[in-house]
There are 2 protein chains.
Amino acid sequence: MSTHIAPRGLPTLRQVAETAGVSLKTASRALNDEAHVAPETSERVKQAAAALGYRPNLLARDLRSHSTSNVVGMVIADASNPFYLAIALAAGQVLAAQGLLLFTGVSDEDPDAEARVISGFLERRVAGLLIVSSRTNHPQLQQGHAERGMPTVFLDRPARGLEVDEVLFDNVGGSRAAIDHLLAQGHRRIGVIGDLGSLPTHRERIAGVRRALAEARVPVDEDLFVTDAHDASGAESAMRELLALPSPPTAVFTTNNRMAAGGLRAVADTANPPALIGFDGLELADILGISVVSNSPADMGTRGAEMLLERIHGRAGRRRRVRLPTELVVRRSTATPLE
Amino acid sequence: MSTHIAPRGLPTLRQVAETAGVSLKTASRALNDEAHVAPETSERVKQAAAALGYRPNLLARDLRSHSTSNVVGMVIADASNPFYLAIALAAGQVLAAQGLLLFTGVSDEDPDAEARVISGFLERRVAGLLIVSSRTNHPQLQQGHAERGMPTVFLDRPARGLEVDEVLFDNVGGSRAAIDHLLAQGHRRIGVIGDLGSLPTHRERIAGVRRALAEARVPVDEDLFVTDAHDASGAESAMRELLALPSPPTAVFTTNNRMAAGGLRAVADTANPPALIGFDGLELADILGISVVSNSPADMGTRGAEMLLERIHGRAGRRRRVRLPTELVVRRSTATPLE
DNA sequence: TTGAAAGCGTTACCAT
DNA sequence: ATGGTAACGCTTTCAA
């Protein structure tokens with residue numbers, strides 16, 4: 001723990017009570033607007049509280065009352081991606097409407113950090129958990145929380161081996177739509193630039209690609225599939241490698257917004273850039289004319305928060321697994337059929 | 001005595017102690033790795049804890065021990081802007097290295113929501129506060145926290161009337177650099193598209209513009225200054241209005257990244273777009289060739305967290321007000337001098 | 001090395 | 001309508 005700190009000397013309920021000349025319990029009742037307090041007593045207590053700058057100690061309250069706190073904890077894996085912010089923002093709005101506060105911790109794709117953040121929430125007895133996980137297993141949650149009834153919803157990435165609700169995108173369907181579109185434009189050599197191969201999201205998107213190609217009986221050239229390009233500059237290199245192949249792809253599918261940004265950078269100064277399509281929204285994609293499989297992080301946040309609220313309010317029953325739809329948005333980057 | 005059931009059936013330290021066949025205090029000592037516990041006793045306690053899925057209740061611990069919690073609360077005003085995420089991410093990394101957790105709450109530019117989030121943190125007795133405020137006054141913080149020693153650092157926006165540390169950008173200097181650059185390129189009719197006029201950041205940036213123009217003895221045409229375009233689509237309309245003027249500007253300065261995105265959208269299909277320069281980084285600005293006054297939200301987060309840590313560790317003394325530098329990055333959008 | 005008791009600030013229960 | 005007392009789960013203090 002951290003070093004010693006000067007005492008903060010915040011007033012307690014007892015001091016408020018003394019100042020107002022009432023008992024501890026009466027002060028408590030007055031400040032909580034409970035019944036059976038004379039209006040003038042209540043007024044006197046509230047003035048005393050204001051004068052002293054009193055603030056309830058929620059640690060003590062939650063400890064005693066066993067009421068779950070009004071905080072929902074959210075863990076996001078990657079804060080450098082506005083995509084996850086959009087989820088958190090939407091979720092926060094839904095929760096705020098119910099008087100719940102959303103506090104967000106960042107794991108930065110580090111499983112240990114994620115465990116620490118979740119522990120922090122759990123040990124402070126939050127009312128529920130929203131998790132964009134960077135893990136494939138969840139011993140903490142298995143051990144006693146999610147499975148003993150801590151309301152929990154996984155977002156964007158599945159909860160492996162855990163009986164909890166989840167909200168994911170239709171990654172397979174979205175990828176298939178992207179590839180089908182490229183095939184329809186006449187492309188047969190289709191490159192793919194993907195994020196970390198360990199990410200379930202990535203895997204599903206790749207699965208969609210393979211399925212689309214298989215159904216169209218287009219042979220798969222593994223050299224055209226680059227994976228583990230975990231940031232924009234990795235994607236940029238990946239794109240350069242693809243274009244330097246003896247027989248380069250005529251179209252490239254980037255599996256998320258960051259891969260798209262990197263890929264784009266690599267072709268920005270190219271004479272004959274390949275057709276380009278991405279997954280996820282991309283800022284300014286409209287101006288740049290980039291086709292995408294678009295999804296709605298806001299919907300994900302909203303839906304996840306709603307499901308969490310139901311659990312917090314006592315909903316029982318089996319896990320629910322929601323798949324949110326995606327939408328193919330065609331722009332300049334794939335508008336021209338291959339000759 | 002019947003053993004009580006903890007909320008959600010979580011085991012308590014007492015149950016761990018009973019399972020291990022030791023006293024409450026011994027269990028506490030063992031789990032906290034304090035001295036004076038026989039190794040084998042310690043081992044037995046830890047196994048019991050693991051078997052039961054024990055988690056310490058930090059509410060109880062912090063309540064009793066008066067140790068400040070290991071949580072720092074951060075409030076951000078606008079989560080739809082990746083800029084603030086970048087600040088939070090950097091701050092979180094600095095704090096994590098010291099064993100502190102950063103929890104972030106979003107106010108969405110709503111002063112009441114900000115107050116609620118701050119109350120939530122305060123009432124949970126966080127170790128410190130990082131605040132990107134949407135308020136101009138801070139009665140809560142004045143009343144007893146910031147001024148009684150709750151470590152607090154304001155980021156990006158000043159702490160009006162509050163004696164706390166702050167880290168801001170050199171907004172005036174950055175704007176002046178942008179305008180000086182446009183003037184050097186021969187522009188005399190310079191438009192400005194700004195965010196909410198109530199935002200101090202915005203005001204400072206406008207002040208920088210006026211100062212640069214005044215020093216160059218270029219008369220100010222108020223019709224060219226559009227303000228309160230608080231989102232990208234507002235900025236887009238603003239840009240269209242500017243271009244529709246009888247005597248439109250030859251260059252436009254957008255005072256933040258969102259204004260830039262909107263302005264850009266408006267000129268995307270224009271034959272003779274005005275010169276364009278923005279403030280703040282903008283995703284893909286390099287590809288789009290947009291000049292910017294660039295700043296580093298990561299530096300802001302890092303610096304702010306460092307200053308907060310010093311306060312948490314007991315640093316006394318007057319408030320410190322840091323101004324972080326900006327850098328002019330010239331790209332295609334302002335590369336051509338006006339004929 | 002270990003344990004019993006007190007207490008943190010609050011709310012719950014049972015009186016008055 | 002108001003108040004005393006116990007209790008929440010933990011750490012601190014002091015004793016064994």
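This one's a predicted model, so the numbers in the text were calculated from it and none came from an experiment. Chain letters run A, B, ... following the sequence lines, proteins first and then strands; every chain starts at 1.
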Q: Given atom NE2 of H36(A) and atom P of dT11(C), what is their separation to the nearest angstrom?
A: 17 Å
Q: Output the rounded distance in Å from CZ (R55(B)) to C1' (dC8(D)).
A: 20 Å
Q: Taking any heavy-atom pair under 4.0 Å as a contact, classify L24(A): base, sugar-phosphate, or nothing.
A: base
Q: Map A60(B) and S42(B) onto DNA chain C by nearest heavy atom, then report which one ends up closer to the 5' terminus.
A: S42(B)
Q: Between T26(B) and dG3(C), is there a side-chain N or O to OP1/OP2 distance below 4.0 Å?
A: yes
Q: In whole angstroms, how far is the P atom of dG9(C) from the CD atom of Q15(A)?
A: 8 Å
Q: Any side-chain N or O of R14(A) below 4.0 angstrom from OP1/OP2 of dG9(C)?
A: no
Q: Look at S28(A) and dT11(C) and indicate whether a side-chain polar atom (N or O) is within less than 4.0 Å of OP1 or OP2.
A: yes
Q: Would you call R303(A) and E166(A) a salt bridge, using N to O less than 4.0 angstrom?
A: no
Q: Please examine the side chains of L31(A) and L13(A), heavy atoms only from C-beta on, and report whether any two atoms are closer than 4.5 Å.
A: yes
Q: In whole angstrom, give the distance that lies between atom CG of D33(A) and atom C1' of dA1(D).
A: 16 Å
Q: What's the closest nucleotide to the side chain of V37(A) if the choices are dT2(C), dG3(C), dT2(D)?
A: dT2(D)
Q: Taking atom CZ of R14(A) as the centre, report whether more than 12 heavy atoms of other residues, nucleotides or ligands fall under 6.0 Å from it.
A: no
Q: If you restrict it to nitrogen or oxygen atoms, what contacts under 3.5 Å exist between nucleotides 12-16 of chain C and the protein, and what is each distance?
A:
none

Q: Is it the case that the side chains of Q93(B) and D108(A) hold a donor-acceptor pair, with the cut-off being a distance below 3.5 Å and no angle test?
A: yes
Q: Which whole-number value in Å describes the distance from L13(B) CG to dA7(D) C1'?
A: 16 Å
Q: Using five base pairs at each end, measure the axis-to-axis angle across the helix from dT1(C)-dA16(D) to dT16(C)-dA1(D) and round it to 10 degrees.
A: 40°
Q: Output all residues satisfying side-chain hydrogen bond (donor to acceptor under 3.5 Å, both in side chains) with R311(A), sequence neighbours left out; order by chain, then residue number.
A: D165(A)
Q: More 5' along DNA chain C: R44(B) or P56(A), using each one's nearest nucleotide?
A: R44(B)
Q: Is there a side-chain contact between N57(B) and the phosphate of dC8(D), meaning an N or O under 4.0 Å from OP1 or OP2?
A: no
Q: If you compare all heavy atoms of S69(A) against all heavy atoms of D62(A), which two are closest, and at what distance to 0.1 Å?
A: CB-OD2, 3.2 Å
Q: To the nearest 0.5 Å, tell me how far L122(A) CG sits from L10(B) CG.
A: 7.5 Å
Q: Are E310(A) and R315(A) ion-paired here, with the side-chain N under 4.0 Å from a carboxylate O?
A: yes
Q: What's the separation between atom CZ in R44(B) and atom CD in E40(B), rounded to the nearest 0.5 Å?
A: 6.5 Å
Q: Salt bridge check, R320(B) against E306(B): does any charged N sit closer than 4.0 Å to a carboxylate O?
A: no
Q: Mind calculating the distance between CG (L59(A)) and P (dC8(D)) to the nearest angstrom?
A: 17 Å
Q: Nearest to the side chain of L63(A) - dT11(D), dT2(C), dG9(C)?
A: dG9(C)
Q: Quick one: is S23(A) getting a side-chain N or O under 4.0 Å of the dG4(D) phosphate, OP1 or OP2?
A: no
Q: In whole angstrom, what separates E18(B)'s CD from dG9(D)'s C1'?
A: 13 Å
Q: What is the distance from CG of L58(B) to C1' of dT11(D), rounded to the nearest Å?
A: 12 Å
